[in-house]
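Below is one structure; the comments refer to it alone.
All values reported here derive from a predicted model rather than from experimental measurement.
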Amino acid sequence: MAWTTADVPDQTGRTALVTGANSGLGLRTAAVLAERGTTVVLACRNPGKAKAAAAAIGGRTELLSLDLASLDSVRAAAAEAHERFDRLDLLINNAGVMHPPHRRTADGFELQFGTNHLGHFALTGLLLDLLRDTEGSRVVVLSSLTHKMARRGLDFDDLQSERHYRRVGAYAQSKLANLMFMYALQRRLADSGAKTIALAAHPGYTTTELTRHIPAPLQPLNTLLAAPLAQSVEQGALPTLRAATDPLAMGAHYYGPDGPFELRGFPVLKASAAPAHNRSAQERLWAVSENLTGVTY
């Protein structure tokens with residue numbers, strides 16, 4: 001049977017922190033969780049948009065300033081979260097950037113790798129003590145079908161795109177890193193006896209604000225394909241919601257649409273590409289991430 005928002009169990013008494021919750025998939029995810037009784041923390045870079053999102057969502061919503069492209073901001077957000085909350089039930093690493101022109105984060109990282117992976121790696125590590133002793137807690141990482149484009153795995157010799165920058169390739173690498181991080185995190189959580197599990201999801205082909213940076217020559221093609229192939233934000237958020245709330249979900253589960261080529265449909269368990277399961281590469285990425293962020297687990 002198709003899994004929909006009607007299958008989201010009652011979430012009363014639970015607290016979820018959703019990054020990038022002011023628009024698109026994050027906003028829809030936060031709204032459904034709030035409807036089910038969750039206290040939702042909207043962790044966003046733009047205060048004005050976050051406030052508008054909270055007003056639109058209603059329910060129990062809280063705001064937290066967070067810019068994943070700045071490790072100082074990540075640390076400040078984590079410190080504030082510790083002051084305001086004594087536990088977290090859900091951490092949904094949803095925020096991201098896709099296909100921007102070549103830019104650097106405040107710490108000098110390539111923007112997509114720095115925001116999509118390193119920012120979330122640091123945030124998760126700094127918030128993990130609020131999760132690990134909370135029964136039924138979860139970390140959900142949002143990846144992308146695009147991770148399959150990184151067929152040779154991560155280019156550890158050029159993670160920051162210093163030799164050359166291909167915006168599509170850099171995005172694929174960041175989304176592959178998201179999955180590798182999730183698998184390595186789940187292994188550590190299980191080995192340590194934590195009450196938290198780590199899972200991942202991808203939204204298929206969902207048109208959101210992320211597409212605004214698609215290279216100009218490809219914009220007409222994206223517009224042409226969107227009508228017959230893309231799905232709504234409401235549909236695209238379902239894999240994340242299932243990973244976050246399905247009572248039968250387990251650590252290392254990865255959800256995506258059940259339709260042709262995983263572009264659209266209802267959320268089911270999916271298999272990630274082989275490079276995501278390379279354990280030695282996962283451990284190398286973990287070591288590099290700790291070194292670059294200064295956050296150790």
Side-chain angles (χ1 to χ4, degrees), residues 1-11 16 18-38 40 42 44 49 52-53 56-59 61 90-99 116 138 140-149 171-172 175 178-179 182 199-214 218-219 221-249 253-273:
M1 295 180 63
W3 195 97
T4 70
T5 54
D7 295 294
V8 176
D10 179 68
Q11 300 290 300
V18 184
T19 67
N22 60 273
S23 65
L25 295 168
L27 176 59
R28 175 59 179 172
T29 300
V32 173
L33 291 174
E35 289 171 2
R36 295 295 186 274
T38 314
V40 184
L42 311 181
C44 307
K49 290 184 178 180
I57 292 171
T61 53
L90 294 173
L91 172 60
I92 300 182
N93 291 333
N94 162 83
V97 291
M98 183 176 78
H99 305 168
N116 300 349
R138 301 180 183 186
V140 179
V141 178
L142 195 67
S143 185
S144 167
L145 268 176
T146 312
H147 86 273
K148 295 181 179 181
M149 295 179 64
Y171 181 70
K175 293 289 104 179
N178 288 155
L179 281 169
M182 182 275 288
L199 312 88
H202 82 80
Y205 184 9
T206 302
T207 302
T208 68
E209 288 186 2
L210 277 181
T211 61
R212 67 186 182 277
H213 289 306
I214 289 178
L218 298 180
Q219 285 287 1
L221 179 62
N222 180 61
T223 302
L224 180 66
L225 293 176
L229 298 179
Q231 61 183 359
S232 67
V233 169
E234 288 76 13
Q235 195 77 10
L238 290 178
T240 301
L241 287 164
R242 184 165 193 179
T245 66
D246 187 342
L248 299 181
H253 275 181
Y254 174 49
Y255 291 94
D258 62 355
F261 306 106
E262 302 179 39
L263 295 176
R264 57 190 299 162
F266 294 94
V268 294
L269 284 173
K270 306 304 291 189
S272 54

- With sequence neighbours excluded, what pairs up with S143 under the side-chain hydrogen bond (donor to acceptor under 3.5 Å, both in side chains) test? none
- Note on the structure: N94 meets the side-chain hydrogen bond (donor to acceptor under 3.5 Å, both in side chains) criterion, sequence neighbours left out, with none
Examine distances only and state if a side-chain atom of [X] and a backbone atom of [Y] form a donor-acceptor pair shorter than 3.5 Å.
X	Y	answer
T38	V40	no
Q235	G265	yes
R138	L199	no
N93	T19	no

- Message: Walk me through whether C44 and K49 qualify under side chain to side chain contact (heavy atoms under 4.5 Å, CB included).
- Response: CA-CA 8 Å; C44 307; K49 290 184 178 180; over 6 Å; no
- Task: Please identify each residue that fulfils salt bridge (charged side-chain N to carboxylate O under 4.0 Å, His left out) with K148, with sequence neighbours left out.
- Result: E262
- Message: Once salt bridge (Lys or Arg N to Asp or Glu O under 4.0 Å) is applied, what residue pairs with a partner in residues 236-249 remain, sequence neighbours excluded?
- Response: R242-D246
For [X], check side chain to side chain contact (heavy atoms under 4.5 Å, CB included) against everything at least two apart and list the hits.
X	result
S144	T146, Y171, K175
P203	L25, L142, T206
T5	R28, V32, R36, L238, L241
A31	I57

- What residues, two or more places apart in sequence or in another chain, satisfy ring pair (Phe, Tyr, Trp, His ring centres under 6.0 Å) together with Y254?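 Testing Y254 for ring pair (Phe, Tyr, Trp, His ring centres under 6.0 Å), a comparison that skips the adjacent residues, returns H202.
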- Query: What distance do D258 atom CG and W3 atom CH2 have between them, rounded to the nearest 0.5 Å?
  - Reply: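 Between D258 CG and W3 CH2, I get 13.0 Å after rounding to 0.5 Å.
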- Task: Can you see which heavy atom on A243 is nearest to which on A200, and at what distance?
- Result: CB-O, 4.1 Å
